[in-house]
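Within every chain, numbering begins at 1; the chains are lettered A, B, ... in the order of the sequence lines, protein sequences first and strands thereafter.
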Amino acid sequence: MYSQGLKDAEGQLEPAELMAEFQARIDREEKIEPRDWMPEAYRKTLIRQMSQHAHSEIVGQLPEGNWITRAPSLKRKMILLAKVQDEAGHGLYIYSATETLGVTRDQLTDELLTGKAKYSSIFNYPTPSWADIGAVGWLVDGAAIMNQVPLCRSSYGPYARSMIRICKEESFHQRQGYEIMTVLARGTAAQKDMAQRALNRFWWPALMMFGPSDKDSKHSEQSMKWKIKRFTNDELRQKFIDATVPQAEHLGLTIPDPELRWNEETGQYDHGEINWQEFIDVIKGNGPCNKERLQARINAHEEGEWVREAAEVYQQKQNQEEAA
Amino acid sequence: MSEMKLYEVFIRAKSGLNHRHVGSLHASDPQMALLNARDVYTRRKEGVSIWVVEAEQITASNPAQEHEWFDPAEDKVYRHPTFYPLDKEVENM
């Protein structure tokens with residue numbers, strides 16, 4: 001039986017019968033719900049993946065928040081505000097879904113603020129020009145959609161349901177980004193150049209968003225079996241490249257990969273090697289903005305402390321009035 | 001400081017439909033839960049009415065007892081209209 005040898009948090013073997021029944025449910029495409037029996041490793045994998053996902057939504061507000069006060073028009077500013085508000089909402093949907101696995105919000109917040117938890121490497125890159133906001137929407141949200149659409153069919157019910165909500169909202173994000181790029185690409189030479197530079201900055205980091213190559217991905221196989229993931233990192237990355245290259249060509253922008261070419265045989269684009277050392281460095285905390293991002297979250301949390309305190313005191317006061 | 005209470009959120013998409021569970025959130029009191037629910041779950045006109053309920057007030061059936069609880073309905077096919085054959089002459093009933 002495949003399940004034998006899988007151990008829970010205490011190193012105990014999970015009961016083989018329960019494991020077999022669990023896998024059978026997954027194979028029948030049944031959704032697993034919060035209070036159902038599940039292997040400890042399934043629970044832990046989900047908590048890790050979902051909390052990373054939620055943290056990414058929250059930290060993902062920062063590179064874009066950078067441009068709210070400097071958006072080039074009131075229209076752009078309102079759109080950007082709505083998008084950043086969506087990201088906060090996405091974080092909350094997924095945090096809530098993660099809490100159904102028996103972890104508290106405080107624990108999750110604490111893991112982010114102490115640097116114990118990871119979030120998507122992409123948000124550790126800076127957004128120095130307005131065009132970067134276009135590139136982020138087009139490429140980063142585009143890559144996120146590639147990842148998230150299959151997650152709508154994830155085996156864990158609360159995760160799948162939150163993904164359905166998120167995917168509905170995400171497509172506005174990608175389109176508004178592409179529209180920013182379109183306007184710039186059809187503008188003056190300087191504006192087009194600005195769009196090209198943003199594409200140059202974000203192309204490779206966007207490809208890294210799909211995670212390590214399949215041969216180096218330690219979590220993939222079991223997650224596929226449990227249908228937490230539906231496609232491998234490399235499969236999703238390839239889909240993203242195939243979808244995005246024609247969009248860049250349409251705008252007359254050049255993908256910064258000299259080895260990129262259409263492969264008639266495979267019906268896909270071949271691409272150059274990803275700089276995995278850069279990926280590892282960013283994951284390990286040495287990306288261009290890691291410290292800045294984390295500090296911004298810590299400041300927000302600390303500066304919001306009085307609001308949380310006031311809310312608690314207000315609630316206590318109301319309780320006392322009710323009791324009186 | 002203790003963690004704020006967990007509330008479950010239910011939304012009526014439009015009049016005529018049931019309120020439906022959409023997710024949960026933390027708030028210090030029911031009013032804050034309502035306001036947060038509006039901001040988190042109805043940014044795109046998803047609803048015309050919101051209920052929030054403290055999660056700990058919900059009593060739920062035990063998933064481990066799913067079969068004991070719900071299987072008895074399985075062998076009561078006579079509860080369904082299709083159990084009763086109709087003569088062809090009596091077309092619709």
Checklist entry - Any idea how A:W226 and A:F22 line up, ring-wise: parallel (<30°), tilted (30 to 60°), or perpendicular (>60°)? => result perpendicular
Checklist entry - So, A:Q52 versus A:H55: side-chain donor-acceptor pair below 3.5 Å or not? => result no
Item to check | Atom group of A:Q316 that falls short of 4.5 Å from chain B, counting heavy atoms | outcome: neither
Item to check | Euclidean distance, A:N147 CG relative to A:K229 NZ, rounded to 0.5 Å | outcome: 8.0 Å
Next on the checklist: Is the ring pair B:Y41/A:Y93 parallel, tilted or perpendicular, if the boundaries are 30 and 60 degrees?
Outcome noted: parallel
Item to check | A:R175, CZ: over 12 other non-hydrogen atoms inside 6.0 angstrom | outcome: no
Next on the checklist: Given heavy-atom pairs under 4.5 angstrom as the criterion, report whether the side chain, backbone, both or neither of A:E33 touches chain B.
Outcome noted: neither
Checklist entry - Heavy-atom distance under 4.5 Å to chain A: side chain of B:A55, backbone, both or neither? => result neither
Checklist entry - Where on A:R165 is there a heavy atom nearer than 4.5 Å to chain B: the side chain, the backbone, both, or neither? => result side chain
Checklist entry - Please walk me through it: do A:H53 and A:Y159 pass side-chain hydrogen bond (donor to acceptor under 3.5 Å, both in side chains)? => result CA-CA 10 Å; A:H53 196 159; A:Y159 195 27; 2.9 Å; yes
Checklist entry - So what's closer than 4.5 Å to chain B heavy atoms on A:D86: side chain, backbone, both or neither? => result both
Next on the checklist: For the interface with chain B, which of A:R105, A:Q85, A:R161 has the highest count of heavy-atom pairs at distances below 4.5 Å?
Outcome noted: A:R105
Checklist entry - Non-hydrogen atoms of chain A under 4.5 Å away: do they reach the side chain of B:E46, the backbone, both or neither? => result side chain
Checklist entry - Relative to chain B, which segment of A:Y95 carries a heavy atom at a distance below 4.5 Å: side chain, backbone, both, or neither? => result neither
